[in-house]
Amino acid sequence: ENADPQRTAFLLRKQWTLYSVTPLYRFSNAHLRDYARLLSSFIAAEKQKGLAVEVGVELDIKVSVSSLPYLKGSDQDQAAILVQLSSRSPASPKNSEEKLIWSGWFCCVSGDDLSKNVPEDFTCLPLFLVNGAECYTSIVGSWFQKTFDCSFRRLAISPLILSWMAAMWTGCKVDKTASAMELVFSVPCLPQPLDISYAIHPEDAKALWDTVQKTPGEIIQEEVDVFMDCLYSHFHRHFRIHLSATKLVKVSTAIASAHCDGIIKFLQSQYLTGVLMLLTELAISQIE
Amino acid sequence: HLATSLPLPPERDHLRPRIDLVAFMIDIKSKYSLKNVEASLAYVDDSFFLGKVCFLVTGVGRVNYCSIEMNAIRNLGEVYCSPVLFCELEVEGSQVATAQRLLRMLEICAGHVPGVSALSFSSLMRNCADD
């Protein structure tokens with residue numbers, strides 16, 4: 001079940017913007033090469049119209065669409081689909097290296113809740129992750145929307161879910177020295193925006209979580225509440241500020257970091273599928 | 001009368017008129033507001049929970065700012081046998097509608113509506129709980 005670390009290394013330590021995607025109509029794994037060709041022509045056409053891309057640079061864009069069969073939770077899940085845009089400046093020699101300029105991948109990890117309720121012709125890949133310029137994202141997005149009658153929506157992450165992530169990821173075992181757990185809060189109702197960053201030593205955080213969690217492998221809302229309340233009281237004791245009255249906007253741990261605007265960074269390949277499972281669930285609840 | 005928490009300062013007790021309705025406000029964006037309300041509930045006399053208490057939950061328009069779990073709020077309403085009103089006070093239309101609802105509830109609690117007493121609110125709550 002755990003994806004091979006070498007094959008997933010390219011997904012780590014990159015900032016991915018999250019979207020939820022409704023099921024794709026008449027999508028087929030057998031036609032990936034065709035899709036790449038069609039998308040490539042679409043991008044070229046958009047460029048002609050003057051709609052595409054970054055100003056001043058004339059780029060030759062190559063599209064590749066491939067399948068990542070190892071990125072799934074159960075056999076019912078669709079294999080993940082990776083779309084990559086690379087560029088080669090026409091000025092450089094033919095066999096010079098292509099530069100990866102944009103990546104986007106669709107995936108579904110343990111998305112049985114959605115896939116079992118969907119008719120035959122539809123493919124469920126509810127989570128879409130993007131790294132790269134917004135202009136390419138909107139072109140690729142429009143092509144998929146037009147071709148497979150699906151729709152994309154930015155996936156936001158509420159403070160409630162971020163607290164769950166903080167608790168879940170703190171409990172994960174990491175071999176090397178883990179980085180500090182960091183929570184960032186945004187203070188509301190001030191004339192000038194103020195962010196509070198609260199860094200906790202990873203061992204202290206884990207020790208706290210271990211005293212709170214009753215059943216290993218199982219987490220309930222009360223445990224997450226107690227964990228966060230302890231962190232808040234500790235902060236209040238020192239700084240007389242009630243963090244519970246602010247908005248939790250970002251959580252960073254050794255496993256991954258997540259921002260409320262729907263931005264994620266994977267840091268450990270060992271836990272990649274676990275995090276994707278949670279994100280898939282979020283995407284599905286946003287679709288329904 | 002507005003207060004940020006209970007108990008109310010004792011110095012002004014003798015000047016205060018009779019209290020007919022207590023509306024506890026919870027902001028879905030602030031966990032602190034829920035904790036504050038939970039702590040303040042302890043200072044309310046039992047007789048108020050026969051229809052003279054309600055919970056006003058604001059901020060429900062924006063799910064992505066949610067810092068409080070819905071179950072926690074539902075539980076509060078059930079445990080204290082009091083209605084929970086959801087609103088979005090930052091939106092003018094909702095402000096007005098909510099104010100009208102509260103005013104209507106207050107009229108009933110103050111005994112200004114013949115034939116209907118505050119007790120009807122709590123019996124409504126109990127019926128829902130039994131279902």
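Just so we're on the same page: letters track the sequence lines, and every chain starts at 1.
If you take CE on A:M228 and OG on B:S67, they are separated by 9.0 Å, rounding to the nearest 0.5 Å. The CG atom of B:N71 lies 9.0 Å from the CD atom of A:E222; values are rounded to the nearest 0.5 Å. Between the NZ atom in A:K247 and the OG atom in B:S30 there is a gap of 13.0 Å [rounded to 0.5 Å]. To the nearest 0.5 angstrom, A:S158 atom OG is 11.5 Å from B:I68 atom CD1.
Proximity to chain A is absent for every atom of B:S33, based on heavy atoms less than 4.5 angstrom apart. Neither the backbone nor the side chain of A:L243 comes within less than 4.5 Å of any heavy atom of chain B.
Remark: of the listed residues A:T246, A:D229, A:L248, A:D229 is the sole one forming a side chain to side chain contact (heavy atoms under 4.5 Å, CB included) with B:K31.
A:E281 CD: 12 or fewer foreign heavy atoms inside a 6.0 Å radius. Remark: A:K173 NZ is loosely packed, at most 12 non-hydrogen atoms of other residues, nucleotides or ligands lying under 6.0 Å away. Applying the 6.0 Å contact sphere to CG of B:L2 captures no more than 12 heavy atoms from other residues, nucleotides or ligands. Other residues, nucleotides and ligands contribute more than 12 heavy atoms inside 6.0 Å of the CZ atom of A:F148. For NZ of A:K250, the number of neighbouring non-hydrogen atoms (other residues, nucleotides, ligands) closer than 6.0 Å is 12 at most.
Of residues 188-214 of chain A, no residue lies under 4.5 Å from chain B by any heavy-atom pair. Contacts between residues 159-167 of chain A and chain B, counted as heavy-atom pairs separated by less than 4.5 Å, involve A:P159, A:L160.
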